[in-house]
**Student:** 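Okay, handing you the structure first.
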Amino acid sequence: MKKFKLGIFFCILVILIVCSNKEEIASVVQDNTPQINELKEENQKLKDDLQNLKSDYSVYLQQLNVLALIFVNIPLAKG
């Protein structure tokens, strides 16, 4: 009988611990939701900026390639 009571006590204790952790986790998530959303927005902005830089760099390389082709194909004046 003592083992049965002890088993029930531990089951109730485990249930209480699990329930209190769920409430604590929900509270932490709710407290940090604005910060999480702010960081998501900042992350998206940085991704957009990176994409713009890649695009600008690609255009720069294309222009540099065109200039290199122009300078290579200029005939040199023989003196």
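Throughout, residue positions are numbered sequentially from 1 according to the sequence presented. Given the structure is predicted, the values throughout are model-derived calculations rather than measurements. Reckoned from all heavy atoms, side chains included, excluding hydrogens, waters and symmetry mates.
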**Student:** Go through the structure and list residues passing salt bridge (charged side-chain N to carboxylate O under 4.0 Å, His left out) with Asp31, not counting sequence neighbours.
**Tutor:**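 Scan of Asp31 (salt bridge (charged side-chain N to carboxylate O under 4.0 Å, His left out), adjacent residues dropped) gives none.
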**Student:** Suppose we screen for side chain to side chain contact (heavy atoms under 4.5 Å, CB included). Which residues come up paired with Val29, at least two apart in sequence or across chains?
**Tutor:**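 Expected list: Ile25, Thr33.
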**Student:** Using the test salt bridge (charged side-chain N to carboxylate O under 4.0 Å, His left out), find all partners of Lys45 that sit at least two apart in sequence or belong to another chain.
**Tutor:**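 Applying salt bridge (charged side-chain N to carboxylate O under 4.0 Å, His left out) to Lys45 gives Asp49.
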**Student:** Quick one: side chains of residues 50-58, donor-acceptor pairs under 3.5 Å with protein atoms, not counting sequence neighbours, listed by atom name and distance.
**Tutor:**
residue, atom, partner, partner atom, Å
Asn52, ND2, Asp48, O, 3.4

**Student:** Does Glu42 have any side chain to side chain contact (heavy atoms under 4.5 Å, CB included) partners at least two apart in sequence or in another chain, and if so, which?
**Tutor:** Leu39, Leu46
**Student:** Using atom types as modelled and distance alone, determine if a side-chain donor or acceptor of Asn65 lies under 3.5 Å from a backbone N or O of Leu61.
**Tutor:** no
**Student:** Under a 4.5 Å side-chain heavy-atom rule over Ile, Leu, Val, Met, Phe, Trp and Tyr, are Phe4 and Ile12 clustered together?
**Tutor:**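 Same cluster.
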**Student:** To the nearest 0.5 Å, what is the distance between CG on Asn37 and CD on Glu41?
**Tutor:**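 Answer rounded to 0.5 Å: 6.5 Å.
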**Student:** Can you name the side chain to side chain contact (heavy atoms under 4.5 Å, CB included) partners of Phe10, sequence neighbours left out?
**Tutor:** Leu6, Leu13
